[in-house]
Engineer: 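Here it is, the structure in full.
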Amino acid sequence: METKVYQWNPTGENGEAVAGAAAVLRSGGLVAIPTETVYGLGADGLNGAAVRRIFEAKGRPQDNPLILHVPDGTWLDRCCAAVPPLARLLAETFWPGPLTMILPRAACVPDETTGGLDTVGVRCPDHPITRAIITAADTPIAAPSANTSGRPSCTTAADVLEDMDGKIEAVVDGGSCIVGVESTILDLTAFPPRLLRPGGLPLEALEKVCGTIALDPAVTRLMQPGEQPKAPGMKYRHYAPKAPVTVVSGAPERSADYIRTHLSSGEGVICFEEFTPLFTGVSVQSLGLSTDKDEQARRVFDALRAFDGTQVAAIWAQCPDTAGLGLAVANRLKKAAGFHVIDAGGEEARP
Ligand code: AMP
Ligand code: MG
């Protein structure tokens, strides 16, 4: 199949792209859509057959549920059997934005979307064309990240075409994603609310509204055989480039020095911008300054994807501390490394 590319026009008319993408979705097709986090691979979330095609295109395990994307908070009532006041408050405070809420599912949401769970993940993405497309399609859009399962997520339309060209009906090119890591997933069916996946909305911002939040163990460590994380997706190997990754945590000077002294020829490095001079002659991807976590979030998947075009035998990665967006960046790097992490020290341990 030929994959059509619709171009977003940020300053003018998008009527044709919106109508075209919405028509494909209404008829059960797949459209990759831009969001502020990463590109999503969308289908009509209430149409089980359409949703099954997402799993085929991505090679995604069937038990890994999808997030429903909605254009505003009023659609919570279309997707969920019960909407507690805290969910409404969070939607008012953080939507559109990188927060997914897990709530009891409405009867119209098929098993294909929820992976057979009695809950559903819902979020409102912060990209105008995507909200316009969902409104025009008049159905919540199920959309996981648009990468082939296991690969780093896509933050540009070109990344999407690398993985999905010929497998899906259309891509909407809405530019580079401004956040760069997936949404934060908060389970509101648990008490206290439970963080299932760190993401583009920092935990500290959620705590200001919700008070105490429990951390699912899958956020910080590898699941053991037989252990079931609350977000089924967290048990899978993820975000992995072709070469094996070793993450080095700790104070930035210490982790940079550790990598410099342990690096062999033919290996690649992901490091903070200020340490790139330590690695001249080495294949290096900069994550941005050690103090700039927004930039690290925007660059982390790009840095991981970039090595797939090279011959590096292994990748070393510096890792930020877990404050703010650091929790999400560190989680993506550690998952890419299969939680192969070395602590170079010099930093206070955080939970
Ligand atoms: P992705 O769209 O690639 O970011 O993956 C969606 C993530 O949301 C996966 O980790 C899923 O396991 C998680 N998720 C979606 N729906 C639910 C749900 N009802 N309960 C728990 N986790 C969910
Ligand atoms: Mg994904």
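Both counts, for ligands and for their atoms, begin at 1 and track the order of listing. Sequential numbering from 1 along the given sequence is applied to the chain's residues.
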Engineer: Closer than 2.8 Å to the Mg ion (ligand 2), which protein N, O or S atoms?
Structural biologist: Ser145 OG
Engineer: Sequence neighbours left out, what passes side chain to side chain donor-acceptor pair (under 3.5 Å) with Ser290? Give chain and number order.
Structural biologist: Glu274
Engineer: Any salt bridge (Lys or Arg N to Asp or Glu O under 4.0 Å) pairs touching residues 243-259, not counting sequence neighbours?
Structural biologist: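 Output for this query lists Asp257-Arg260.
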Engineer: Look at the side-chain heavy atoms of Ile, Leu, Val, Met, Phe, Trp and Tyr, link any pair under 4.5 Å apart, and say whether Leu30 and Val171 land in one connected group.
Structural biologist: yes
Engineer: Given the rule that I, L, V, M, F, W and Y join up when any side-chain heavy atoms are under 4.5 Å apart, are Ile178 and Phe94 in one cluster?
Structural biologist: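 No; Phe94 is not reachable from Ile178 via cluster members.
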Engineer: Can you list, by chain and residue number, every protein residue with a non-hydrogen atom closer than 4.0 Å to ligand 1?
Structural biologist: Arg60, Asn64, Pro65, Leu66, Ile67, Ile102, Leu117, Thr119, Val120, Gly121, Ala143, Pro144, Ser145, Glu182, Ile185, Leu196, Arg197, Lys230, Ala231, Pro232, Gly233
Engineer: Could you check whether Arg299 and Ser286, counting side-chain N and O atoms only, form a donor-acceptor pair closer than 3.5 Å?
Structural biologist: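 Arg299 and Ser286 do have a side-chain donor-acceptor pair below 3.5 Å.
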Engineer: Are any of the side-chain heavy atoms of Tyr6 and Asn14 separated by less than 4.5 Å?
Structural biologist: no
Engineer: For the backbone of Pro152 and the side chain of Arg305, can you confirm whether one donor and one acceptor N or O come within less than 3.5 Å of each other?
Structural biologist: yes
Engineer: Quick one: do the Glu182 and Ser145 side chains pair a donor with an acceptor below 3.5 Å?
Structural biologist: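 The criterion, which ignores hydrogens and geometry beyond distance, is not satisfied for Ser145 and Glu182.
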Engineer: Tell me whether Lys293 contacts the main-chain N or O of Ala323 through its side chain, where contact means a donor paired with an acceptor under 3.5 Å.
Structural biologist: yes
